[in-house]
Asks: 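This is the structure I want to talk about, given as structure tokens.
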Amino acid sequence: MGKFWSLLFFLVPILGTGLFLIAANDRAAPLVNHWFPKDVSQYGYVIDNLFMLILWLTGIVFIATEVCLAYFMWRYDRTSNHDPVKYTHGSHSLEVVWTIIPAATLLFIAIYQMNAWADTKINRPLNPGEEIEVNARQFEWRLRYRGPDGRFNTADDLYTVNDLHVPENEDILIRLKSEDVLHSFFLPNLRVKQDAVPGMMIPVWFKPTEIGAYDLVCAELCGWGHYKMRGRIIIQSRSDYDAWLANLEKEQNVYTEQ
Amino acid sequence: MLRNWIDRSLALLLAVVGLACWGCHAPQPEFHLNEIEIIEQQAAVSEEITPEQRDQIATVLYAMFGTPDAPDNPWEREGAHVSLLAEQGFNVDLLRMAAGPVGSDEQGNTTGLYRLHCSHCHGITGDGRGPTAAFLNPYPRDYRQGVFKAKSTELAAKPTHADLKRTLVEGFPGTAMPSFKLLKDIELEALVEYVKYLTVRGETEIELIFLTSDEGEVPTDPAVLVDEILKPRVEAWKIAEEKVVHPVTPQSFASEAEKLASIERGRTLFYADTGGNCASCHGNLALGDGQLNLYDMWNEPIANPELEAAFLAVGALPPRYLKPRNLRQGVYRFGRRPIDIYRRIYVGIAGAQMPAATLKTSDEGPGVSEQDIWDIVNYVQSLPYEPLSLPPELERAGLRERL
Amino acid sequence: MKSITSIFLCLSLLLLVGCEHRGGSAADVDATEARQLYLTLLSGEAGADAGSGAAQQRSGWATIRGTVRLDGDPPPPKQLTVNRDTEVCAPGGAAVYSQDVVVGSADALANLVVYARDLSNDNVHPDAQGDASEVIFDQRECIFLSHVQVMQKTQKLKILNSDPVGHNTNIAASKAGTFNQNISPGGSAIYQPVASESQPAGVSCSIHPWMRAYVLPLDNAYGAASEQDGTFEIANLPAGIEIELQFWHEVTGNVPELVINGKSEKLNRGRYKLTLQPDEQLVLDLALPAATLR
């Protein structure tokens, strides 16, 4: 019985590693689209690299631990192992080793990621190409552009819903607010994720590098409609973006529909 | 040991079978009768609508409008499938896309759109009392009276097709109605068609209940059902396209100074009795605190003190007051374009208390001119940016701030 | 172990039981009957049954006139809450009372509405239909001067505002057409009904919510509301055929009980059938029992 269970446990690292390998090989159905989404931001690679580093570190440790576990279950199964029990008072040096090594690893990761954290959360761009206010509410993203005068809270602000347009290759600063509950502004293809906290205005920034339409989803459970709180981020060339803004202004100032 | 093993497997099997049975027995959604209307009519004539009459009404509605899964009921006549709704002008392909349980067809298009996107607020019957409705303020729209607030047409007319589609695409800011901009165009069309279907069904049901209580029997004469009840209600949607309100003189400004002058004129008109008289409801500071005890047409019947308990017992939502809009927030539910606000002032809002402006018949006479209305529109649009309306200045922009 | 098994067993049974269809449907649909009805509704069948109206022959015209009294003590007057524009609406601080029960001298009851139901056009006198004149509907001191206005649907209701404050007149008529217009002091607005109503529709003001009146657009002129002295008259009614009169009052809705010419009648839905003789001048002495107003 023990041997059966030990084989079962041994399957865990095998299947786990297998899943990752198949997913990383993006062409293998049924796990297509289960690896990183396409990265269209300038600094997304930092997050991806950090992910891979941590994955390798934890992956090696994981496999090693699981193999040891399976081996011990197999080797010391009650039905097949008749060696007498050995009693021990523990090993002080072993305990020191297996405390220091993980601690050092963690410390290494903590220091290694500091730059990535600072770049994405602390060092906001001082001259962003565009500033957009994103108001998260149940269950949509309400967006406000500055309009021709370049200032928020003036009569020429432009409003739209779920439809975030940005110019490519420029620093974009998002002023993230929430109208009701916690939401999370998640752009998978730009490696951007930030909780929207009611009562706070939180700046978020990124620099898109490729033209196209990508997902904007909510990543913090916000109610019964959380699953469908989706928007679209459309990265356009600067001229297309300006044209779209001009069109939005025209649509918002309609005095007649004849 | 073996017995344990068998015991456990057996128990697991039973649990799985039990769960499977639970899942397989999900009850099919059904339309339910307009209980509120029934109670109202019974109170109006002091006569009960009998259970047999209720069954008959349900049967007539089933014959005319089908079920939530099968709206168009094409039974065979002379070997061919004919559909009453198709004869009346409904696009039954779109209806079928929107109706039924959520799934997808062979081409991968989603079906059951209404149930997927709308019914949890608006209800299977379109009565605005879906499971989430009780948590929302304002309540979702009840389609069955056939009255819609957000439209570009005259007060008593239906919305146009473009109005309904715009509602889906833009949503209503300040309410729980979201924007469905990311749906495919064909899906939006299907939902608009299904809303019209639910509206016509609801209006027909109200008329049937009224006739039953007024005359003591359920009408089953085809001439009455189709020509007198169904056709006018379908027709109303078609002629709505002709009832769109267009401003005669659109606004244009030669300079910023002109716009400011217009806003000043609008300010005077807003607060004057002889002008727009807007402050009498919207408040002396336009904060929406001028009238606090008014109801809209959906909540007013429920608030009747004699019948309120009966209404709540059949599942009506507790009545809520209709607050005039706080114009300093810059939240415009039915559109923020100047023409949208113009239409709110020119037509009023159907089902609510917002009245239409009366136009002057002569230059000196009472009322407002069209230019006056544009002045009020400009003033209203400037209100959210007045110093009184703006939040306090933030000193260091760009950092995390507590608001 | 056995106890765990029995627990699982019980749970499974509970799930099976719990999944039973919860309660019957609110109304049962007869699918066969529905199908048969459906087939008659498709084009070609509908309208084939051309109006099978009563084949009675009208033999002339007649008039009904009468007086309405309140039989018994009127209910105590209800005071209205006047909380807006008090200088205009409650001048001198005077109390404003509801006009739902208006009793004049000699117990005369005003605002009881009498109208004939469901008359086809051949049975309507040419003088009693198609009137396109204006009916004046005024408001002063925040009171609608005509508390109940009966009119023909072809007439125009000219709504005036004789107050120094603005009013918005909100007519909640679902069939005749909803109307809600803001009327400046001294201004006016025209309401054109598009159809008749089966019951008087409520008229209110959003700015002064205590204001209340009723308007009843009819297909013809066979309707009247009793005046302050309780009198009413309906002329040129068809004689020789059975006509159905509807009695309505604001407090009772359809009048449940009425003493007509001394005889107490229990009215079904407020309706009373009678046949007039040609050139008859029928006098109806009506008395409304005060108990119905409570």
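Because the structure is a prediction, the values reported are computed rather than measured. No hydrogens, no waters, no symmetry mates; every other heavy atom, side chains included, goes into these values. Numbers restart at 1 for each chain; the letters A, B, ... are given by sequence-line order, proteins then strands.
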Asks: I need the B:Leu225 CG to C:Thr40 OG1 distance, nearest 0.5 Å.
Replies: 7.5 Å
Asks: Output yes when a side-chain donor or acceptor of C:Arg84 lies under 3.5 Å from a complementary backbone atom of B:Gln291, and no otherwise.
Replies: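 Checking the backbone N and O of B:Gln291 against the side chain of C:Arg84, no donor-acceptor pair under 3.5 Å is found.
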Asks: Would you give the length of the straight line joining atom CG of C:Asn170 to atom CE of B:Met297, rounded to the nearest 0.5 angstrom?
Replies: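 Rounded to the nearest 0.5 Å, the CG-CE separation comes to 11.0 Å.
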Asks: Would you please go through residues 199-210 of chain C and name the residues with a non-hydrogen atom below 4.5 Å from one of chain B, in numerical order?
Replies: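 Only C:Ser206, C:Ile207, C:Pro209 of residues 199-210 of chain C have a heavy atom under 4.5 Å from chain B.
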Asks: Counting only non-hydrogen atoms closer than 4.5 Å, does B:Ser83 touch chain C with its backbone (N, CA, C, O), its side chain (CB onward), both, or neither?
Replies: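 For B:Ser83, heavy atoms of backbone and side chain both lie under 4.5 Å from chain C.
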Asks: What option among B:Ser213, B:Pro51, B:Ala157 has the most heavy-atom pairs under 4.5 Å with chain C?
Replies: B:Ser213
Asks: Let's go through B:Glu47 and C:Asn268 carefully: what are the C-alpha distance in whole Å and the side-chain angles of both, what is the deciding distance for side chain to side chain contact (heavy atoms under 4.5 Å, CB included) to 0.1 Å, and is it a yes or a no?
Replies: CA-CA 9 Å; B:Glu47 294 276 339; C:Asn268 174 24; 3.2 Å; yes
Asks: State, to 0.1 Å, how close C:Pro185 and B:Asp273 come at their nearest heavy-atom pair, and which atoms those are.
Replies: CD-O, 3.6 Å
Asks: Is the CD atom of B:Glu306 crowded by more than 12 outside heavy atoms at less than 6.0 Å?
Replies: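 Counting other residues, nucleotides and ligands, CD of B:Glu306 stays at 12 neighbours or fewer.
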Asks: Side chains of B:Glu215 and C:Arg269, heavy atoms from C-beta outward: is any pair under 4.5 Å?
Replies: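 A side-chain contact under 4.5 Å is absent here.
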Asks: For B:Trp75 and C:Arg35, work out which heavy atoms get closest and say how close.
Replies: CZ3-CA, 3.4 Å
Asks: Out of C:Ser198, C:Gly177, C:Gly270, C:Ala189, which one racks up the most heavy-atom pairs below 4.5 Å with chain B?
Replies: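 Sorted descending by pairs with chain B, the first entry is C:Ser198.
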Asks: Among B:Gly275, B:Gly216, B:Cys281, which residue has the highest count of heavy-atom pairs closer than 4.5 Å to chain C?
Replies: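 Most heavy-atom pairs under 4.5 Å with chain C: B:Gly216.
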Asks: Could you check whether atom NZ of C:Lys175 has more than 12 heavy atoms from other residues, nucleotides or ligands sitting under 6.0 Å from it?
Replies: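 Yes - once you tally the heavy atoms of other residues, nucleotides and ligands closer than 6.0 Å, there are more than 12.
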Asks: Counting heavy atoms not belonging to B:Phe148, are there more than 12 under 6.0 Å from its CZ?
Replies: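 Buried by this count: over 12 neighbours within 6.0 Å.
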Asks: Could you grab the distance from atom CG of B:Asn73 to atom CG of C:Leu42, nearest 0.5 Å is fine?
Replies: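 If I round to the nearest 0.5 Å, the distance is 10.0 Å.
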Asks: Please classify the contact of C:Pro256 with chain B as side chain, backbone, both or neither, using a heavy-atom distance under 4.5 Å.
Replies: neither
Asks: Checking the side chain of C:Tyr38 only, and the main-chain atoms of B:Val60 only, is there a donor and an acceptor separated by less than 3.5 Å?
Replies: no
Asks: What distance do C:Glu33 atom CD and B:Asp55 atom CG have between them, rounded to the nearest 0.5 Å?
Replies: 9.5 Å
Asks: Among B:Ala356, B:Ala156, B:Ala272, which residue has the highest count of heavy-atom pairs closer than 4.5 Å to chain C?
Replies: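 Most heavy-atom pairs under 4.5 Å with chain C: B:Ala356.
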Asks: Which bit of B:Glu52 comes within less than 4.5 Å of chain C, counting heavy atoms only: side chain, backbone, both or neither?
Replies: neither
Asks: Taking side chain as everything from C-beta outward and backbone as N, CA, C, O, which of these in B:Ser280 sits under 4.5 Å from a heavy atom of chain C? Side chain, backbone, both or neither.
Replies: both
Asks: Show the nearest heavy-atom pair for residues C:Ser184 and B:Gly367, with the distance to one decimal.
Replies: OG-N, 3.5 Å
Asks: For B:Phe210, which atoms come within 4.5 Å of any heavy atom of chain C: side chain, backbone, both, or neither?
Replies: side chain
Asks: Select one option (side chain, backbone, both, neither) describing which atoms of B:Ala236 are under 4.5 Å from chain C's heavy atoms.
Replies: neither
Asks: Identify which of C:Asn83, C:Asn182, C:Thr169 forms the greatest number of heavy-atom pairs closer than 4.5 Å to chain B.
Replies: C:Asn182
Asks: With a 4.5 Å limit on heavy-atom distance, are the side chains of C:Thr178 and B:Glu154 in contact?
Replies: no
Asks: So which of B:Ala357, B:Ala43, B:Ala63, B:Ser46 has the biggest tally of heavy-atom pairs under 4.5 Å with chain C?
Replies: B:Ala63
Asks: Testing the basics here: between B:Pro366 and C:Gly187, what is the closest heavy-atom pair and its distance to 0.1 Å?
Replies: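 Scanning both residues, the minimum pair turns out to be CG-CA, 3.3 Å.
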Asks: Sort C:Ala173 into side chain, backbone, both or neither according to what part of it lies under 4.5 angstrom from a heavy atom of chain B.
Replies: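 Neither part, no heavy atoms under 4.5 Å.
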Asks: Atom NZ of residue position C:Lys158 - does it have more than 12 heavy atoms of other residues, nucleotides or ligands inside 6.0 Å?
Replies: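 Result for NZ/C:Lys158: open.
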Asks: Given C:Leu41, which of B:Met64, B:Glu87, B:Gln88 fulfils the side-chain contact (heavy atoms from CB on, under 4.5 Å) condition?
Replies: B:Met64
Asks: Has the side chain of C:Asn180 got a donor or acceptor atom that lies under 3.5 Å from a matching backbone atom of B:Gln353?
Replies: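 Looks like yes, one N/O pair under 3.5 Å.
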Asks: Please look at B:Leu155 and chain C and tell me whether the side chain, the backbone, both or neither of the residue comes under 4.5 angstrom of a heavy atom of that chain.
Replies: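 For B:Leu155, the contact with chain C is made by backbone and side chain together.
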Asks: Which bit of B:Ala352 comes within less than 4.5 Å of chain C, counting heavy atoms only: side chain, backbone, both or neither?
Replies: backbone
Asks: For B:Asn293, is it the side chain, the backbone, both, or neither that has a heavy atom closer than 4.5 Å to a heavy atom of chain C?
Replies: neither
